[in-house]
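Working notes, structure below.
It should be emphasised that the depicted structure is a prediction, and the values quoted were computed from it without experimental measurement. Each ligand, and each atom within it, is numbered from 1 in the order the structure gives.
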Amino acid sequence: MVHPQALLVTGGAGFIGSNFVRYVLQHHHDVHVTVLDALTYAGNRDNLSGLPDSRLRFVHGDICDAALLDQVVPGQDAIVHFAAESHNDAGIANAEPFMQTNVIGTMRLVEAAVRHDVRFHHISTDEVYGDLALADTSRFTETSPYRPSSPYAASKAASDHIVRAWHRTHGLRATISNCSNNYGPYQHVEKFIPRTITNILDGKRPKLYGNGLNVRDWIHVDDHSRAVWEILTRGRIGQTYLVGAQGEHSNIEVLRLLLQLMGQPHDAFDWVKDRPGHDLRYALDASKLQRELQWKPCHTDFEQGLREIVCWYAAHESWWRPMKDAVESVCASRGQ
Ligand code: NAD
Ligand code: TDX
């Protein structure tokens, strides 16, 4: 598409959405961004602090609200849809908000995008493909079958199907990206890397689920943001692109690396109850994105990336402190 000048970013006050908004405003000086965010427990206005008011408008509202969408969507060149319930453990405890936001909310948005003929990019996850065996060396591709294992993954799989159906049936000008596990600044402390770092900063022992051998494929959030921009502006309509940086590490490796970087003994952690249905291994093949759009990850040194994130959380205690106790008490009530 021609370079969009007016961009609607849903979920732009969350972790990846706010990093994407910062990326766009810093790198593309002619773009105006409207963030639509319901400010759930995971959304935070402060995630957007310091960005230029002249090119950023914040709308507090729900993507399920069709009347609100009819006010916000007209005049936009594109919608980038990040808004979601994103935490697997929360979806296991109560799937209701996941179905509401991730499924119904996505349907409301694509309907609005069709009504007002606006280009749509959908942000999704590798979890829609289920998991791979630990001994398996293959990786997911764009043609891997959908086999979601968790309530969260099932809701994201449904949202992907909705986007494809509205593309085919209603002519929605859509692309989809499925990305692997992100790390970076402003990630909620319920997630593995920030939870571990803030526990260690607090003098508490971090927690490892199950046997710790589960593998995640880590990517820095800035590499994800750049991939989304390339797909939005140069991707082929109707296509799906996988976004991953060949960053496979087992959870115990990540935990031990963080303990070492933070000057702790290698065994200064607790083994806790496993997650029900815990996916074993995620691994993505991003060669389509690399081949078609010449995208390559910049943050290829994971240890250096983690070192920077440790420094970020150490320097931003006032950002994470207000959410820390609530997260730890929910985890404790699950035995995690
Ligand atoms: P997050 O939980 O940090 O942020 C989600 C944001 O969406 C919050 O600001 C929240 O207030 C907002 N939101 C939730 N429900 C809403 C609603 N009904 N209406 C409007 N806003 C609402 O999530 P994240 O980790 O930044 O993930 C963003 C997107 O990226 C999600 O779609 C997720 O599935 C996808 N994704 C995440 C990862 C990851 O590693 N975190 C990896 C791949 C894909
Ligand atoms: O304290 C912990 N200890 C632990 O061992 C936590 C919080 C997690 N874990 C494990 C569970 C997972 O194997 O670490 C791994 C990562 O856990 P999460 O950070 O909860 O992420 P995950 O479930 O892999 O999902 C993430 O990546 C894909 C995002 O939350 C999703 O939104 C995204 O789609």
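A heavy-atom separation below 4.0 Å is found between A13 and ligand 1. Using a 4.0 angstrom heavy-atom cutoff, K156 counts as in contact with ligand 1. Residue-ligand proximity: C64 is placed with every non-hydrogen atom at 4.0 Å or more from ligand 1. Taking 4.0 Å as the cut-off, S180 counts as a neighbour of ligand 1 on heavy-atom distance. For the ligand labelled ligand 2, residue K156 lies outside the 4.0 Å heavy-atom shell. Within the structure, the closest approach of G61 to ligand 1 falls below 4.0 Å when heavy atoms are considered. For the pair Q336 and ligand 2, no heavy-atom separation below 4.0 Å is found.
The nearest heavy-atom contact from the protein to atom 40 (O) of ligand 1 is N182 N, 2.9 Å. Remark: minimum distance from atom 10 (C) of ligand 2 to any protein heavy atom is reached at N251 ND2, 3.5 Å. Counting only heavy atoms of the protein, atom 15 (N) of ligand 1 lies nearest to T101 CG2, 3.5 Å. Looking only at heavy atoms of the protein, atom 2 (C) of ligand 2 is closest to Y209 CE1, 3.3 Å.
Contacts between Y152 and ligand 1, counted as non-hydrogen atom pairs separated by less than 4.0 Å, involve the side chain only. Residue contacts with ligand 2, taken as heavy atom pairs separated by less than 4.0 Å, involve H87 solely via side-chain atoms from C-beta onward. Counting heavy atoms closer than 4.0 Å to ligand 2, residue E127 contributes side-chain atoms (C-beta onward) but none from N, CA, C or O. Contacts between P97 and ligand 1, counted as non-hydrogen atom pairs separated by less than 4.0 Å, are absent for every part of the residue. Within the 4.0 Å heavy-atom criterion, neither part of N178 lies near ligand 1. By the criterion of a heavy-atom distance under 4.0 Å, the backbone of S124, and not its side chain, is placed next to ligand 1.
Which of G244, A84, A42, G11 comes nearest to atom 5 (C) of ligand 1 through a heavy atom is settled by distance: it is A84. Comparing S86, G184, G17 against atom 1 (P) of ligand 1, the shortest heavy-atom distance belongs to S86.
The distance criterion of under 3.5 Å between nitrogen or oxygen atoms is not met by L208 with respect to ligand 2.
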